[in-house]
Amino acid sequence: MKKSTFQRIHGIAAFVKPLFLVQLALQALDLHSTLAQISTRGEMNKAIVAIGSLTGLMPAVVLMKILSVGAVWMLYKQWQKLPKGSVFDLPVVAVFVLLDITLTLIILNNYWG
């Protein structure tokens, strides 16, 4: 039986945990950078602004960060349940790489944008 391209990439699963840990660190930096700039620049995320109209911006930012970390945590935990070397290793790595790059750009914009 012929293996798919995803299954031929050996060792890709080793990247998931470090990328997950980087994502957690970036989430903390994003929270800090957002809270540091919110009083001078305001908030651009419409969902946070909508929730913030009810709770205040800072609690809304913290709530959204908790939800973001929860979603990332669930992705990681679901991936851990899969057999090692599964067809999902590469897509999970790709998702974490994209999330890490995106959040890095957001953080840089928050601090220096």
Side-chain angles (χ1 to χ4, degrees):
M1 177 183 249
K2 186 177 177 182
K3 287 193 171 190
S4 75
T5 303
F6 291 133
Q7 291 173 324
R8 283 189 230 134
I9 301 175
H10 300 290
I12 195 81
F15 291 99
V16 174
K17 186 173 184 178
L19 288 168
F20 166 69
L21 295 174
V22 167
Q23 179 61 205
L24 292 181
L26 289 171
Q27 291 285 344
L29 279 172
D30 182 46
L31 178 62
H32 179 267
S33 67
T34 300
L35 293 177
Q37 299 299 326
I38 205 164
S39 63
T40 58
R41 290 187 5 196
E43 178 57 49
M44 301 300 289
N45 186 320
K46 293 185 189 300
I48 291 175
V49 172
I51 295 168
S53 69
L54 301 172
T55 65
L57 275 179
M58 287 199 185
V61 169
V62 172
L63 174 65
M64 291 300 281
K65 195 51 50 189
I66 290 168
L67 293 173
S68 297
V69 169
V72 168
W73 179 262
M74 286 184 354
L75 172 62
Y76 180 69
K77 289 313 235 178
Q78 290 303 312
W79 171 81
Q80 281 185 320
K81 294 178 182 179
L82 298 171
K84 297 305 170 221
S86 79
V87 70
F88 295 106
D89 289 347
L90 184 60
V92 169
V93 167
V95 166
F96 275 122
V97 166
L98 290 173
L99 286 172
D100 289 354
I101 290 170
T102 302
L103 202 49
T104 298
L105 294 174
I106 290 169
I107 292 165
L108 290 174
N109 181 59
N110 285 349
Y111 282 126
W112 294 289

Side chain to side chain contact (heavy atoms under 4.5 Å, CB included) between Leu67 and Met64, worked out: CA-CA 5 Å; Leu67 293 173; Met64 291 300 281; 4.1 Å; yes
Quick one: do [X] and [Y] end up in the same hydrophobic cluster if we chain Ile, Leu, Val, Met, Phe, Trp and Tyr together by side-chain heavy atoms under 4.5 Å apart?
X      : Y      : value
Phe20  : Phe15  : yes
Leu105 : Leu103 : no
Val16  : Val95  : yes
Ile107 : Leu24  : no
Leu35  : Met44  : no

Salt bridge (Lys or Arg N to Asp or Glu O under 4.0 Å) pairs, two or more places apart, involving residues 50-76: Asp30-Lys65
Summary of salt bridge (Lys or Arg N to Asp or Glu O under 4.0 Å) pairs that have at least one residue in residues 88-113, sequence neighbours excluded: none
Criterion side chain to side chain contact (heavy atoms under 4.5 Å, CB included) on Asn110 and His32, from CA distance to verdict: CA-CA 9 Å; Asn110 285 349; His32 179 267; over 6 Å; no
Sidechain-backbone polar pair: Thr40 side chain, Gln37 backbone, donor-acceptor under 3.5 Å: yes
Does [X] have any side chain to side chain contact (heavy atoms under 4.5 Å, CB included) partners at least two apart in sequence or in another chain, and if so, which?
X      : value
Leu57  : Ile38, Glu43, Ile48
Thr104 : Leu26, Leu108
Gln78  : Lys81
Lys77  : Trp73, Gln80

NZ (Lys84) with more than 12 external heavy atoms under 6.0 Å: yes
Distance-minimising heavy-atom pair for Ala47 and Asn45: N-OD1, 2.9 Å
Minimal non-hydrogen separation, Gln27 against Val72, with atom names: NE2-CG2, 4.3 Å
Mutual orientation of the aromatic rings belonging to Tyr76 and Phe96 [parallel < 30°, tilted 30-60°, perpendicular > 60°]: perpendicular
Side chain to side chain contact (heavy atoms under 4.5 Å, CB included) assessment of Leu21 paired with Lys17: CA-CA 6 Å; Leu21 295 174; Lys17 186 173 184 178; 4.2 Å; yes
Validation row: Ile51, Leu63 side chains within 4.5 angstrom (heavy atoms): yes
